[in-house]
Amino acid sequence: MKKTIPVEEGDYYLTPEGYRCFTEQYHLKRGYCCKSGCRHCPYGYDKKTDRFKS
């Protein structure tokens, strides 16, 4: 079971469409890549190739 990370100020922003977009700050706090192709992924994951950029 994955632990719950409390969401704090600066962890996300709302897009013009009204979606939450998690920031690099949140991803680093979480500590792993979810392989969803997140816009601000600090781990370098590319969803199109299913690989991590080196």
Side-chain angles (χ1 to χ4, degrees):
M1 186 167 150
K2 296 180 182 178
K3 67 179 185 175
T4 303
I5 307 290
V7 178
E8 300 171 348
E9 188 173 333
D11 284 348
Y12 72 92
Y13 61 90
L14 295 177
T15 66
E17 299 80 24
Y19 296 105
R20 282 189 207 168
C21 185
F22 288 103
T23 62
E24 182 177 355
Q25 171 184 307
Y26 177 79
H27 292 293
L28 290 172
K29 254 196 319 191
R30 187 174 59 195
Y32 65 92
C33 180
C34 62
K35 294 187 175 182
S36 294
C38 300
R39 184 178 296 176
H40 300 291
C41 179
Y43 303 104
Y45 180 72
D46 185 347
K47 190 172 182 174
K48 292 178 185 173
T49 63
D50 193 28
R51 295 181 185 213
F52 289 94
K53 299 173 190 170
S54 44

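Since the model is a prediction, treat every value here as computed from it, not as a measurement. FYI, side chains are in, hydrogens and waters are out, and symmetry mates aren't considered; it's all heavy atoms of this structure. Residue numbers start at 1 and run along the sequence shown.
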task = Verify the neighbour count for atom CZ of Arg30: are there more than 12 heavy atoms of other residues, nucleotides or ligands below 6.0 Å?
result = yes
query = Around Glu9, counting heavy atoms of other residues, nucleotides and ligands shown, do more than 12 lie under 6.0 Å from its CD?
reply = no
Stepwise side chain to side chain donor-acceptor pair (under 3.5 Å) test for Thr15 and Glu17 = CA-CA 5 Å; Thr15 66; Glu17 299 80 24; 3.1 Å; yes
ask   = How long is the gap from CG on Asp46 to CZ on Arg51, to the nearest 0.5 Å?
value = 10.0 Å
note = Here the gap from His40 atom NE2 to Tyr13 atom OH, rounded to the nearest 0.5 Å, amounts to 3.0 Å
key: Remaining members of the apolar cluster that contains Leu14, side-chain heavy atoms under 4.5 Å   = Ile5, Val7, Tyr12, Phe22, Tyr26
key: Residues in side-chain hydrogen bond (donor to acceptor under 3.5 Å, both in side chains) contact with Glu8, at least two apart in sequence or another chain   = Lys29
note = Shortest non-hydrogen pair, His27 vs Pro42, comes out as CB-CD, 3.4 Å
message = Among residues at least two apart in sequence or on other chains, which ones pass side-chain contact (heavy atoms from CB on, under 4.5 Å) with Tyr45?
response = Cys33, Lys35, Cys41, Lys47, Asp50, Phe52
